[in-house]
Amino acid sequence: MKRFIPLAVMSLLVMLAACGGKKKDANAFPEGFDAFTDEQKVTYMMQHAPADSVARFIIYASLGKIEGVRIDTLNNATLKAYEAYRDTALQSFSWEFDRVAEELPLHDKMRLRVLVGAEDPQGLGLTLGLEYLNQIRVKGMNADQVLEELKELKKASKDSPDVYARFLIGFRTVLRYDRNSDMPAEIYSRFLNYDEDAVQEYYSRNKAASEGHPVTLPDSIPIEEHPEDMPQSQASVAPSDSIQ
């Protein structure tokens with residue numbers, strides 16, 4: 001017997017499949033839905049939607065992207081799904097959750113990781129920065145798109161400037177040691193010293209961290225003996241654009 005999916009919920013699934021940057025409509029849910037506990041909301045969604053849609057619902061509702069509907073505790077909602085799903089449903093939920101979390105705009109990715117609480121604020125900023133160049137590469141982003149994401153990240157970090165500054169330190173460090181020729185040269189020339197004031201203000205606030213400006217990098221990022229030998233990803237880069 002086929003499971004019946006109410007028309008309102010079907011409309012929600014269509015919206016959840018769309019871009020996560022737009023607000024979703026609470027009218028797609030039953031009356032009083034937002035008064036449910038997080039676990040009840042997830043249970044309802046699991047009864048009426050496939051596992052991948054439930055993953056998107058949890059992320060978007062946690063980030064406030066579904067108007068009038070909110071997940072208050074991301075970890076509780078996610079745990080409810082992990083405990084209930086089995087086999088292919090569990091795999092579908094897990095894959096979609098990780099995919100959406102990875103493809104979120106930078107500022108939303110930061111917010112989601114804060115909600116998960118897996119990293120301290122200082123480590124979070126640095127980790128996001130170290131990962132960001134690969135995200136640019138995977139998404140095929142140009143310099144203007146990167147600039148917009150960095151502006152949004154700064155706005156989202158207005159109450160935690162150290163997180164933003166540590167992100168810049170991580171991002172600029174990866175740029176300094178990246179040797180891949182597939183990255184547009186403009187990415188290096190525009191962002192290697194991006195928002196230097198924010199970084200210097202961070203070092204002024206944290207004098208202990210300013211001794212030698214230490215940054216611990218993962219083993220996957222090669223450290224050359226001569227850091228002044230900066231990457232040139234395109235032969236056409238003018239001398240004024242070279243990385244110092």
Residues which pass side-chain hydrogen bond (donor to acceptor under 3.5 Å, both in side chains) with Asp87, listed by chain and number, not counting sequence neighbours: none
What pairs with Ala143 under side-chain contact (heavy atoms from CB on, under 4.5 Å), at least two apart in sequence or on another chain? Glu186, Ile187, Arg190, Phe191
Please give me the minimum heavy-atom distance between Ile58 and Ala81, naming the atom from each residue. CD1-CB, 4.4 Å
Sequence neighbours excluded, which residues qualify as salt bridge (charged side-chain N to carboxylate O under 4.0 Å, His left out) partners of Glu39? none
Cluster overlap Leu79 with Val114, hydrophobic side-chain contacts below 4.5 Å: no
Who are the side-chain contact (heavy atoms from CB on, under 4.5 Å) partners of Ala55, not counting sequence neighbours? Phe93, Glu96, Phe97
What is the minimum heavy-atom distance between Ala165 and Ala198, and which atoms define it? CB-O, 3.8 Å
Return a table of donor-acceptor pairs under 3.5 angstrom between the side chains of residues 71-78 and protein atoms on other chains or two or more places apart.
residue, atom, partner, partner atom, Å
Asn75, ND2, Val116, O, 3.1
Thr78, OG1, Leu74, O, 2.9

Mind checking whether Tyr202 and Asn206 have side chains closer than 4.5 Å, heavy atoms only? yes
Distance (rounded to the nearest 0.5 Å) between Leu192 CG and Leu168 CG: 11.5 Å
How many angstroms lie between CG in Leu126 and CZ in Phe171, if you round to the nearest 0.5 Å? 13.5 Å
Do you reckon Trp95 sits in the same ILVMFWY cluster as Leu90, going by side-chain contacts under 4.5 Å, direct or chained? no
Centroid-to-centroid, Phe36 to Phe33, below 6.0 Å? yes
Asp52: salt bridge (charged side-chain N to carboxylate O under 4.0 Å, His left out) partners, not counting sequence neighbours: Arg56
Less than 4.5 Å apart, any side-chain heavy atom of Leu115 and any of Leu63? yes
Do Met110 and Ser157 make a side-chain contact, defined as non-hydrogen atoms from C-beta onward lying under 4.5 Å apart? yes
So that I can tick it off, tell me whether Asp38 and Lys80 are bridged by a salt bridge, with the cut-off set at under 4.0 angstrom between side-chain N and carboxylate O. no
Start with the C-alpha distance between Phe167 and Leu124, add both sets of side-chain angles, then the distance that settles side chain to side chain contact (heavy atoms under 4.5 Å, CB included), and finish with yes or no. CA-CA 8 Å; Phe167 166 84; Leu124 170 61; over 6 Å; no
Would you confirm whether Arg166, through its side chain, and Gly123, through its main-chain N or O, come within 3.5 Å as a donor-acceptor pair? no
Set of side-chain contact (heavy atoms from CB on, under 4.5 Å) partners for Asp34, sequence neighbours left out: Lys41, Val69, Arg70
Set of side-chain hydrogen bond (donor to acceptor under 3.5 Å, both in side chains) partners for Gln145, sequence neighbours left out: none
Taking side chain as C-beta onward, heavy atoms only, is Tyr85 less than 4.5 Å from Met46? yes
All N/O donor-acceptor pairs, side-chain side in residues 146-154, below 3.5 Å, sequence neighbours left out:
residue, atom, partner, partner atom, Å
Glu149, OE1, Tyr132, OH, 2.7
Glu149, OE2, Leu106, N, 3.4
Lys154, NZ, Asp195, OD2, 3.0

Assess the residue pair Tyr44 and Phe57 against the criterion (ring-ring contact (aromatic ring centres under 6.0 Å, His included)); give the C-alpha distance rounded to whole Å, side-chain angles, the decisive distance to 0.1 Å, and a yes or no. CA-CA 11 Å; Tyr44 177 88; Phe57 164 77; 9.0 Å; no
Does the side chain of Lys65 reach to within under 4.5 Å of the side chain of Asp108, using non-hydrogen atoms? yes
Report the C-alpha separation of Glu196 and Arg172 in whole Å, then their side-chain angles, then the decisive distance to 0.1 Å, and conclude whether the side chain to side chain contact (heavy atoms under 4.5 Å, CB included) test is met. CA-CA 10 Å; Glu196 178 66 19; Arg172 300 189 329 178; 2.8 Å; yes
Using side-chain contact (heavy atoms from CB on, under 4.5 Å) as the criterion, list what pairs up with Lys109, not counting sequence neighbours. Glu102, Leu104, Arg113, Leu128, Gln135
Using atom types as modelled and distance alone, determine if a side-chain donor or acceptor of Ser53 lies under 3.5 Å from a backbone N or O of Ala49. no
Assess whether side chain to side chain contact (heavy atoms under 4.5 Å, CB included) is satisfied between Arg137 and Met183, documenting all intermediate values. CA-CA 7 Å; Arg137 180 175 288 111; Met183 188 63 60; 3.7 Å; yes
